[in-house]
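To start, the structure under review is shown below, and the notes come after it.
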Amino acid sequence: METIRVIRGMRDIHPDQALWWQRMERRLADTLRRYGYGEIRTPLLEPTALFARSIGEETDIVEKEMYTFQDRDGSSLTLRPEGTASVVRSYIENTQWKKEPVSRLYYLGSMFRHERPQKGRYRQFSQVGVELIGSLEPAADVEMIDVMVECMNAIGLKDTSLQLNSLGCSACRPNYRDSLVVYLKQNQGDLCDNCRRRLDINPLRVLDCKAEACRRVADGAPKIIDVLCADCAGHFQTVRKGLENLALDYEINHRMVRGLDYYTRTTFEMVAAGLGAQNAVAGGGRYDDLVKTLGGPEIPAIGFAAGLDRILLKLQDTIPEPASPPNIFVVTRGEAGWRASLELMRGLRRAGVQVCSDVRRGSMKSQMKQANRRGARFVIILGEDELTAGRVTVKDMHAEENSDQKQIQVPREDLHGFLLNRLGLLEGVVG
RNA sequence: GUGAGUGUAGCUCAAUGGUAGAGCACUGGUCUGUGGCACCAGCUGUUGAGGGUUCGAGCCCCUUCACUCACCCCA
């Protein structure tokens, strides 16, 4: 029979890998909790129109990367390609602004984009995203950038740099767009085919084309921060001052325009060294018009998202793997030994200790090998001898071979205290 | 969507167009109630799939699928 295989661009996360994910997710959740952000879990499936309206009909994501299909009633559904649209949809649907002036939300989970798989890029991938809805003030921008930096610090990401830009607002961006188009048309001959096409539909994206020729054109292009309206310019200045108060280093990147149409004013991105072409690990910005675009009131917001798959790739090259907690293996002899082990193990587990035993009725030697493979710190031996004596044998797998601590007899009723004591001491050392 | 490279045992990799192998891992034994080390033995394959050329294909050709890297896109 033909074997069923995993779908292209998707993969299984096995237990050893899952330990890395769990640690990263734990640290993110903990950091975000301290900033007052609460987790929101939205459906993976949304009406297609949600993404078309928020991300932009003309973007690559909407044009050719979404998993879109018909539901049984004929309506068009899409697996979410990003998280912000769903959060805003939910915000509006629940009239959240009537319940609180400012909402601090984060999400963590799978997104789907039908791209060609590559290092650090999968068709199902994980993002953490953070949204701060309800403030137009630069204070919100500074908080969001600080949260992003602290999240990356918390999970141990190193060698990163922060890039900053402003895209203006609905008042000043059209002017900039016009002058950019004029400039680009003058240099049209030097642009790549793709960018010549972009000229009409999304000219700002020409600025971050990676083609050498386009980069040269982009370098000479008018800079948006030179033509911001007074409000946007003042806002950007205050954001920069706030970042300087936090001693956050950044550089202004005039060419960073982001790939989603909903961004306004401040945009920012974090890039990491050593990830090849997929070096953008986190990015975000203001989306002051999005709530209104999706049918809500005029409420400004800012947020960012981070790509956890590629971040994890880098972490695995730079920081130690997660330590597995001390654990215990129970070796039994005979049916009486096995039966006696059942309650003993349940008691230890209820006390918080990881305990396993053989479920194959293997030989003593085979059971010891399993204990070793699992990295058990202690082995408890429960056989005929122990049963008749009312004791168990406790073997310390790490102790020296002829140490008097290597293997000792412990009365059944003292076992709990003995192990918890020893493991507690161990955990104190491990920290 | 475009381009290049690679597909052989669970893993890492050998094999001039001529009998598919090694190391590691796994299982058992030496050691009948004691892991790691050593030694011994055993297990493991439609050579990604399909077709073609040939007396003969893991090797050459075509198709297809997958993976990797880059373009592109983005986090």
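Reckoned from all heavy atoms, side chains included, excluding hydrogens, waters and symmetry mates. Naming convention: chains lettered A, B, ... in sequence-line order (proteins, then strands); numbering from 1 in each chain.
Between A20(B) and C59(B), the distance separating the two C1' atoms is 12 Å to the nearest Å. A9(B) and G3(B) have their P atoms separated by 29 Å, with the value rounded to a whole Å. Distance check on atom C1': A4(B) versus G17(B) gives 27 Å, rounded to whole Å. Rounded to the nearest Å, the gap between the P atom of U30(B) and that of U44(B) is 23 Å. Atom C1' of C67(B) sits at a distance of 15 Å from the matching atom of A49(B), rounded to the whole Å.
Side-chain proximity of Arg116(A) to G33(B), C71(B), G36(B): nearest is C71(B).
Shown here is Glu321(A), whose CD atom has no more than 12 heavy atoms of other residues, nucleotides or ligands within 6.0 Å. More than 12 heavy atoms of other residues, nucleotides or ligands lie within 6.0 Å of NZ in Lys406(A), so this atom counts as buried by the packing criterion.
Contact detail for Glu137(A) and Ser135(A): the closest heavy-atom pair is N-OG, 3.0 Å. Considering all non-hydrogen atoms of both residues, Val149(A) and Met270(A) come closest at CG2-CE, 3.9 Å.
If you check every strand for non-hydrogen atoms under 4.0 Å, Phe125(A) touches a base. Using a 4.0 Å heavy-atom criterion, one finds that Ala371(A) contacts no nucleic acid atom at all. Within 4.0 Å of Asp385(A), counting heavy atoms only, lies at least one base atom of the nucleic acid. Heavy atoms of Arg113(A) sit under 4.0 angstrom from at least one base atom. Gln407(A) comes within contact range of at least one nucleobase, with a heavy-atom separation under 4.0 Å. Using a 4.0 Å heavy-atom distance criterion, Gly283(A) is classed as a sugar-phosphate-only contact. Residue Gln367(A) is out of contact with every strand shown, counting any heavy-atom pair closer than 4.0 Å. As judged by a 4.0 angstrom heavy-atom cut-off over every strand, Gly337(A) is placed among residues making no nucleic acid contact. Nucleic acid contact class of Glu401(A) (heavy atoms, under 4.0 Å, all strands): base. Within 4.0 Å of Ile381(A), counting heavy atoms only, lies at least one base atom of the nucleic acid.
Exactly one of Gln124(A), Gln127(A), Arg11(A), Arg121(A) qualifies for a side-chain hydrogen bond (donor to acceptor under 3.5 Å, both in side chains) with Asp309(A). That residue is Arg11(A).
Considering only heavy atoms from C-beta on, Leu243(A) comes within 4.5 Å of Leu164(A) through its side chain.
Using Watson-Crick or G-U wobble geometry with both donor-acceptor distances under 3.5 Å, U32(B) finds no partner in any strand shown. Within the shown strands, G52(B) is the pairing partner of C60(B) under the Watson-Crick or G-U definition, both distances less than 3.5 Å. In this entry G1(B) has C71(B) as its Watson-Crick or G-U wobble partner, both defining distances falling under 3.5 Å. Base pairing analysis places A41(B) opposite U27(B); the two distances defining the Watson-Crick or G-U wobble pair are each below 3.5 Å. With a cut-off of 3.5 Å on both pairing distances, the Watson-Crick or G-U wobble partner of A22(B) is U12(B). Pair assignment for A66(B): U6(B), on the basis of Watson-Crick or G-U wobble contacts that are both within less than 3.5 Å.
Residue side chain Lys365(A) does not reach the base of U34(B) through any donor-acceptor N/O pair under 3.5 Å, judged by distance alone. A donor N or O paired with an acceptor N or O is not found under 3.5 Å between the base of G36(B) and the side-chain atoms of Lys395(A).
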Audit row: Ser161(A), Glu251(A), side-chain hydrogen bond (donor to acceptor under 3.5 Å, both in side chains) steps and yes/no: CA-CA 8 Å; Ser161(A) 67; Glu251(A) 55 187 65; 5.2 Å; no
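One finds a side-chain N or O of Arg373(A) lying less than 4.0 angstrom from the OP1 or OP2 phosphate oxygen of C26(B). Residue Gln118(A) places at least one side-chain N or O closer than 4.0 Å to OP1 or OP2 of A70(B). Listed pair Lys119(A) / C69(B) meets the phosphate criterion, a side-chain N or O lying under 4.0 Å from OP1 or OP2. Under 4.0 angstrom from either OP1 or OP2 of G33(B) there lies at least one side-chain N or O belonging to Arg333(A).
To the nearest angstrom, P of G33(B) lies 16 Å from CG of Leu387(A). For the pair Glu65(A) CD and C72(B) C1', the computed distance is 9 Å after rounding to whole Å. Look at CD1 on Ile7(A): it is 11 Å from P on C67(B), rounded to the nearest Å. Rounding to whole angstrom units, CZ of residue Arg123(A) and P of G1(B) are separated by 7 Å.
For the pair Glu386(A) and Arg360(A), both in contact range of RNA chain B, the more 5′-proximal nearest nucleotide belongs to Arg360(A).
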